[in-house]
There are 2 protein chains.
Amino acid sequence: MSFDFVKHLETRRKLEAEAPLDPRVEALVNGVIARVADKWTMIVLDVLAEHGELRFGALGRRVPGISQKMLTQTLREMEREGLVQRTVHPVVPPKVEYRLTDLGLGLGAAFCGVWIWAEQHLEAIEQARAAFDARAAD
Amino acid sequence: MSFDFVKHLETRRKLEAEAPLDPRVEALVNGVIARVADKWTMIVLDVLAEHGELRFGALGRRVPGISQKMLTQTLREMEREGLVQRTVHPVVPPKVEYRLTDLGLGLGAAFCGVWIWAEQHLEAIEQARAAFDARAAD
DNA sequence: CAGCATCCTGCAGGATACTG
DNA sequence: CAGTATCCTGCAGGATGCTG
């Protein structure tokens, strides 16, 4: 499991040795990480992955606690980055549907490992927290 | 590639069908995701993965743009969640070293897929952005 | 229904100064 | 050096109201 990670680190080090951190690429990677690190992006992505295609309202209802402002904002960003396809149906009342692009599905697949890890290590984390809190109460 | 993701989705759906979303587990998963989604956590984790063990100051210098307040805060959270081991050496001047636990390394391994994906799809994202911006300028 | 525009607020997080 | 404590500010993001 950690083998892949070690290998990855070696790869990164090698790459950086060859092309000593191109600030341009660096910035772009940070941008992508920031996108992933956004509070809502991965949740929206997960919901869309589960349901395939959803209207704005239905999508919002599936993301508990999000305001419609943040939903719009997140969706726009994701569309801009090519993660989401926005389709407007010219009918009344308006109907706009969102679905993941291949790029979005790819990011979902990449993030999949994190979801699984999270599900698998919940107890370990809970224990660590309890231990820390107990130790902090001195 | 998307096979794993699809499989994962099936697994999730099945699990939710069996144990219809235990709110307790749900909350914990969200907590983990929130941790990952934190602006600094994954960067700090990456730096620690590369260097193995670092003092507070050295670590901070390796994370461009982080304030020492946020560094302390992030480190405390990570320690609490069992991702990081904090070792105090009782000398003057004080010396405190941080290194990843097995849990931290595991999370790094899980997140590895996302890093790789990000590196591999930079151009696609750049293109998508350019296209979006061009279309937005009407 | 989808989603802008506007206003308003809390608090995340920076800067600074102080201690063991 | 490795923090904690205090203060201060910007802006993320919620609530509300209006349109095509």
Side-chain angles (χ1 to χ4, degrees), chain A residues 30-31 33-44 47-48 51 53-81 83-100 132-133 135-138, chain B residues 30-31 33-44 47-48 51-81 84-100 132-133 135-138:
Chain A
N30 286 348
I33 299 302
R35 191 96 302 282
V36 170
D38 176 79
K39 186 178 181 183
W40 299 111
T41 305
M42 295 317 291
I43 303 178
V44 168
V47 170
L48 281 177
H51 296 84
E53 185 152 28
L54 286 175
R55 302 183 58 163
F56 183 85
L59 180 50
R61 256 168 271 126
R62 284 277 177 180
V63 184
I66 197 173
S67 67
Q68 129 271 51
K69 180 180 181 179
M70 285 319 290
L71 182 56
T72 304
Q73 210 166 296
T74 304
L75 250 14
R76 280 297 174 296
E77 282 296 321
M78 291 177 74
E79 189 193 354
R80 178 163 186 266
E81 242 116 273
L83 301 175
V84 150
Q85 170 82 26
R86 179 172 177 269
T87 314
V88 182
H89 297 86
V91 297
V92 289
K95 179 176 178 180
V96 181
E97 297 205 302
Y98 293 89
R99 66 178 181 79
L100 293 183
F132 181 91
D133 292 348
R135 175 151 264 288
D138 49 30
Chain B
N30 285 348
I33 299 303
R35 192 96 301 282
V36 170
D38 176 79
K39 185 177 179 182
W40 299 111
T41 305
M42 297 316 292
I43 302 177
V44 168
V47 170
L48 281 176
H51 295 84
E53 186 151 29
L54 285 175
R55 302 183 58 165
F56 183 84
L59 180 49
R61 255 168 272 125
R62 283 278 177 179
V63 185
I66 197 172
S67 68
Q68 128 273 49
K69 181 181 181 179
M70 285 319 290
L71 182 56
T72 304
Q73 209 166 297
T74 304
L75 250 13
R76 281 295 173 298
E77 282 296 321
M78 291 177 74
E79 189 194 354
R80 178 162 186 266
E81 243 116 273
V84 149
Q85 170 82 28
R86 178 172 178 268
T87 316
V88 182
H89 296 87
V91 298
V92 289
K95 180 177 177 180
V96 181
E97 297 205 302
Y98 294 88
R99 69 178 181 77
L100 292 184
F132 181 91
D133 292 347
R135 174 150 265 286
D138 49 33

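Proteins come first, then strands; the chains are lettered A, B, ... in the order of their sequence lines, and each starts at number 1.
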Review point. Step by step, would you call A:Leu100 with A:Val84 a side-chain contact (heavy atoms from CB on, under 4.5 Å)?
Key: CA-CA 4 Å; A:Leu100 293 183; A:Val84 150; 3.9 Å; yes
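- The end-to-end axis angle of the helix from C:dC1-D:dG20 to C:dG20-D:dC1, rounded to 10 degrees and based on five pairs per end, is 50°.
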Review point. What's the verdict on side-chain contact (heavy atoms from CB on, under 4.5 Å) for A:Arg62 and A:Leu48, showing C-alpha distance, side-chain angles and the deciding distance?
Key: CA-CA 9 Å; A:Arg62 284 277 177 180; A:Leu48 281 177; over 6 Å; no
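- Distance, A:Tyr98 OH to C:dA2 P: 8 Å, rounded to whole Å.
- In the 5' to 3' direction, nucleotides of DNA chain D lying under 4.0 Å from heavy atoms of chain A begin and end at D:dG13 to D:dG20.
- Between A:Val96 and B:Ser67, the residue anchored closer to the 5' end of DNA chain C is A:Val96, taking for each the nucleotide with the nearest heavy atom.
- We find that CE of B:Met70 is positioned 15 Å from C1' of C:dA15, with the value rounded to whole Å.
- To the nearest 0.5 Å, atoms CG (A:Leu59) and CD (A:Gln68) are separated by 12.5 Å.
- By the 4.5 Å heavy-atom criterion applied to side chains, A:Arg86 and A:Arg76 are counted as neighbours.
- Annotation: the span from B:Arg35 atom CZ to B:Met42 atom CE amounts to 10.5 Å, rounded to 0.5 Å.
- Contacts of A:Gln68 with the nucleic acid, taken as non-hydrogen atoms under 4.0 Å apart, include base atoms.
- Between B:Phe56 and B:Leu75 the shortest side-chain heavy-atom distance falls below 4.5 Å.
- Separating the CD atom in B:Gln85 from the CE atom in B:Met78 is a distance of 12.5 Å, to the nearest 0.5 Å.
- Distance check, rounded to the nearest 0.5 Å: CZ of A:Arg135 to CG of A:Asp133 gives 12.5 Å.
- You'll find the side chain of A:Glu77 stays beyond 4.5 Å of the side chain of A:Leu83, heavy atoms only.
- The shortest side-chain heavy-atom distance between B:Lys39 and B:Thr74 does not fall under the 4.5 Å cut-off.
- Rounding to the nearest 0.5 Å gives a distance of 9.5 Å between OG1 of B:Thr72 and CE of B:Met70.
- Annotation: proximity of residues 56-66 of chain B to DNA chain D (heavy atom, distance under 4.0 Å) is found for B:Phe56, B:Gly57, numbered in ascending order.
- Rounded to an integer number of Å, the gap from CG of A:Leu54 to C1' of C:dA2 is 15 Å.
- The CG atom of A:Leu71 sits 10 Å away from the P atom of C:dA2 (whole-angstrom rounding).
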